[in-house]
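Down below is the structure, laid out as structure tokens.
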Amino acid sequence: MTMDELPIGDVEKGYDNKGEITNKTLVSSFGYDSNKEPIGSNKDLTKNNLVWSGINLKLMDRKKGKKDGVKLNILKDVWGTAEAGKTTAIMGASGAGKTSLFQVLTGRIPSQGNLVQEGSIYLGGVRVDPRNREHRKLFGYVAQEDTLHETSTPREALRFSAKLRLAHATTDEEIEQLVEKKLKALGLESAADTIIGGGFKKGISGGQKKRVSIGVELIASPSIIFLDEPTSGLDSYAAAQVMQLLDDVAKEGNIVLFTIHQPSSKVFSSFDNLILLNKGQIMHQGSVSNTANDFSAAGFPMPDNYNPADWVIDVSETNQLDDLKKTTFFSSEPKDNTIVTDSQKTLAIPYSKPVSIFVELQYLLRREFRDIKRNPLMTVINVTITSILAAIFGLMFWDVGRKDRSEIIVVQAVLGSLVNLMISTLFGQSNTAIAVFARDRPLFLREYSTDHYSIVPYFLSKLGSEMFNAFAAVLAQTLVVFWMMGFTMGFGHLLAITYSMSLVSTAVCVMLGAFFANPENATALFTVVVVPQLYFSGVFISIELLPDVVQWAQYVCSLTYASRLALAYEFQNCEPGLAEENCLATLDRNNVEIDNIWWYWLALLGLFLGFRLIAMIVLRSKANY
Ligand SMILES: Nc1ncnc2c1ncn2[C@@H]1O[C@H](COP(=O)(O)OP(=O)(O)OP(=O)(O)O)[C@@H](O)[C@H]1O
């Protein structure tokens, strides 16, 4: 079936009994009214429903040398169904296990650690594994926090997601039509070209942001869309709009499943099915329109004028579990809960990357540079601060390079000016690099886990913008200090050394940013990692005087190599005579060997690549949930 035969966006993936993908519109299959049916009871429809069975999530007590014990049963024998064509809400008091169940269903429980997960999930009667990258293409996931690219517009955000996630054969024209159609469906036409905004600038409203977050998932036409508290933080009007949107998405034949906290009665009545959790167990599942009857039948008639959402939580919170179990609540999983075509078989999806990594890189780079263009403040502040500092250094070491080097105090001053410059460069880019990476990290984790791009193009695109920012700052610094201080080495040499140093320093920041989500931790650790470099580099204390056990550290210090390069270029061609003697003695005292200049350059390159590689591996492992 071609895109021409079906309206764009209406083509949904379906699965036949063998688990093979079939293109069909699910819309036609779900035009029914099952308000009076318990969830999943319509056997014809079970075929395309999401069913989970025997889900247990245990927190293990792992003590060295002892057998593992179960510390806490977070989820116990949880079962349920999310029907295609309907919206299903997971509710429960705080700590009931909503997030945990949601994380199991979306494959976000880490496979290593203290949590052990059991149970099965089926889609259309065939087993699915939401941790599997291929299977995950069926799932759209909208987190509670909106992680959007702040300097993009809703139209650009949808286009970016469509381009990188839809089939390779989809033309740009088709993508534009699809984006237009989704913007309309999301009610975002008037805000389509307004910047999403964030900390740097006010953009679209919170409700509009939530709709963009939903839109970037919907654009990939997932069969199942998971949303974690989609109405939290929204006013009642915006919450109602989001619920209406989800209802429309479900009506197209999709499965819409979300957790929700304290919905208003209007929002509560707008969803189709309810799953109520209590202390990690399923207390009740059923159609929302039957909630009052179901609770009455269990002996808890709903008082008049009471928000039913509050009532169900009140009942679950204010009654003992044992008492509730004596009622019709907490029914055990029906034997025919999973209508399984083949329980042994796992859904087979031929995985193919929609676009090449070059297209990914192109789109990512375009977005990075658009970011710099639309939010130049960070670059401007960085360049300004660096220039001011450089001017202060320039004044302190005014003309030092042009003075007579036959005087040892002059050589000492030149040495001091270079080392200061290197240290300033070492720290100069760190705040910007850490702040930018901390800002972008959640966006990367979301986009990577929803298969927008691979990790290498992402890192290359970040490197592109970091290189630009670092170059702007280092160029400004070199322009100011070079002539003020009057160095004898070439302008290009000084620029290249400080630029390389700055890139290594940025690589360290990105590596720390990959380890720690919190920028404060990354900044604190940066100081711990970088300050010892001042000693290990040999510029303050000769390496030979350092204790043997720490001497190796000189080899992983960018300051070591950058300082040696700067000293080598500055002192290798001094005036013959006393000046030359002083220069060569300084080189000797600082362990600089002219013959090793290329090794110093290679070492800087090695450190740069090494730190980048570690960052990539760490971030890749963090994103692997
Ligand atoms: N990784 C974990 N380590 C320890 N305890 C956990 C972990 N994950 C969940 N729990 C515990 O399991 C229970 C259920 O947690 P969960 O976050 O799923 O509840 P919730 O219904 O989403 O609560 P809330 O509405 O307050 O977010 C809580 O008691 C929580 O402390």
Side-chain angles (χ1 to χ4, degrees), residues 50 52-63 66 68-80 82 87-119 121 130-131 139 141-147 210 226-234 239 242 256-264 267-268 271 273-285 291 307-322 324 329-330 442 445 449 516-518 621-625:
L50 185 75
W52 52 97
S53 165
I55 302 281
N56 288 301
L57 184 66
K58 297 171 189 170
L59 180 68
M60 305 306 284
D61 194 6
R62 295 201 160 130
K63 285 199 184 115
K66 282 196 180 168
D68 289 353
V70 178
K71 202 167 167 187
L72 177 70
N73 284 306
I74 299 173
L75 295 174
K76 209 169 157 208
D77 293 328
V78 169
W79 57 279
T87 55
T88 304
I90 301 175
M91 283 181 61
S94 184
K98 304 178 293 293
T99 308
S100 304
L101 175 58
F102 208 64
Q103 286 182 327
V104 170
L105 295 179
T106 56
R108 279 168 169 77
I109 298 282
S111 44
Q112 285 161 351
N114 285 351
L115 294 175
V116 171
Q117 170 186 331
E118 294 163 356
I121 305 168
R131 290 186 200 176
F139 300 65
Y141 176 72
V142 181
Q144 191 178 341
E145 300 295 326
D146 294 311
T147 46
K210 183 55 74 186
F226 292 99
L227 304 102
D228 195 4
E229 306 212 6
T231 56
S232 86
L234 301 184
V242 168
V256 177
L257 182 65
F258 50 88
T259 59
I260 198 154
H261 187 62
Q262 287 193 320
S264 66
V267 166
F268 183 78
F271 40 79
N273 291 326
L274 168 69
I275 294 175
L276 182 62
L277 279 167
N278 189 349
K279 304 210 168 42
Q281 298 173 52
I282 294 289
M283 174 168 154
H284 169 74
Q285 300 198 42
T291 307
N307 176 355
D310 289 343
W311 179 242
V312 299
I313 299 296
D314 283 358
V315 171
S316 73
E317 261 193 313
T318 53
N319 293 281
Q320 293 294 325
L321 210 63
D322 289 342
L324 290 171
F329 292 134
F330 291 99
L445 291 175
S449 74
F516 301 101
N518 184 342
S621 72
K622 303 253 173 195
N624 195 21
Y625 44 61

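Counting convention: from 1, in listed order, for ligands and their atoms alike.
Scored by the salt bridge (charged side-chain N to carboxylate O under 4.0 Å, His left out) test, Asp77 finds no partners at all (sequence neighbours excluded). Partners of Ser100 under the side-chain contact (heavy atoms from CB on, under 4.5 Å) rule, at least two apart in sequence or in another chain, are Leu57, Ile74, Leu75. For Lys98, there are no salt bridge (charged side-chain N to carboxylate O under 4.0 Å, His left out) partners at least two apart in sequence or on another chain.
At least one side-chain heavy atom of Trp52 sits less than 4.5 Å from a side-chain heavy atom of Leu105. The shortest distance between side-chain heavy atoms of Arg108 and Arg131 does not fall below 4.5 Å.
Within 4.0 Å of ligand 1, contacts by protein heavy atoms are made from Leu59, Leu72, Ile74, Ala93, Ser94, Gly95, Ala96, Gly97, Lys98, Thr99, Ser100, Leu115.
Between Phe226 and Phe139, the two ring planes are parallel [angle under 30°; tilted spans 30° to 60°].
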